[in-house]
Asker: 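Take a look at the following structure, please.
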Amino acid sequence: SGRVGRSRVAEDPVEAAAVAHVRHRHTDYESLLDDGYDRDDARRRVAADIDACLVRWEAAEPELPT
């Protein structure tokens, strides 16, 4: 839709886009919506999964040469 990470004002749009990507592609968020959860409740339910995924990604990120 072109709205990823832009549905709310974010201090860091890159971080907002990463969180949105993880939410939609690496959690049960979409299934929760399909099961009738409202968006805010579904987001609360997957928040820990999003954080865990981002922590794993940050730990695996190689350092770029300077």
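Numbering starts at 1 and runs along the sequence shown.
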Asker: Taking everything shown except Glu15 itself, do over 12 heavy atoms lie less than 6.0 Å from its CD?
Answerer: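 Atom CD in Glu15 is not crowded, with 12 or fewer foreign heavy atoms closer than 6.0 Å.
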Asker: Rounded to the nearest 0.5 Å, what's the gap from CG on Asp35 to CD on Glu30? Could you check?
Answerer: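 Reported to 0.5 Å precision, the distance equals 11.5 Å.
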Asker: Should the pair Trp57 and His26 be assigned to parallel (<30°), tilted (30 to 60°) or perpendicular (>60°) ring geometry?
Answerer: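 Taking His26 first and then Trp57, their aromatic rings stand perpendicular (interplane angle over 60°).
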Asker: Salt bridge or not between Asp41 and Arg45? Use side-chain N to carboxylate O under 4.0 Å.
Answerer: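 Between Arg45 and Asp41 there is a salt bridge, with a charged N closer than 4.0 Å to a carboxylate O.
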Asker: So, taking the atom named CZ in Arg23 and the one named SG in Cys53, what distance separates them when rounded to the nearest 0.5 Å?
Answerer: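 Reported to 0.5 Å precision, the distance equals 12.5 Å.
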Asker: Could you measure the distance from the CZ atom of Arg39 to the CG atom of Leu32? Nearest 0.5 Å is fine.
Answerer: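 Result: 14.0 Å between the selected atoms.
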Asker: Report the distance from atom OG1 of Thr27 to atom CZ of Arg43, rounding to the nearest 0.5 Å.
Answerer: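 With rounding to 0.5 Å, OG1 (Thr27) is 10.5 Å from CZ (Arg43).
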Asker: So does Asp28 have more than 12 non-hydrogen atoms from other groups sitting under 6.0 Å from CG?
Answerer: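 Not buried by this count: 12 neighbours or fewer within 6.0 Å.
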Asker: Distance from Asp49 atom CG to Tyr29 atom OH, nearest 0.5 Å?
Answerer: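 Here the interatomic distance stands at 13.5 Å.
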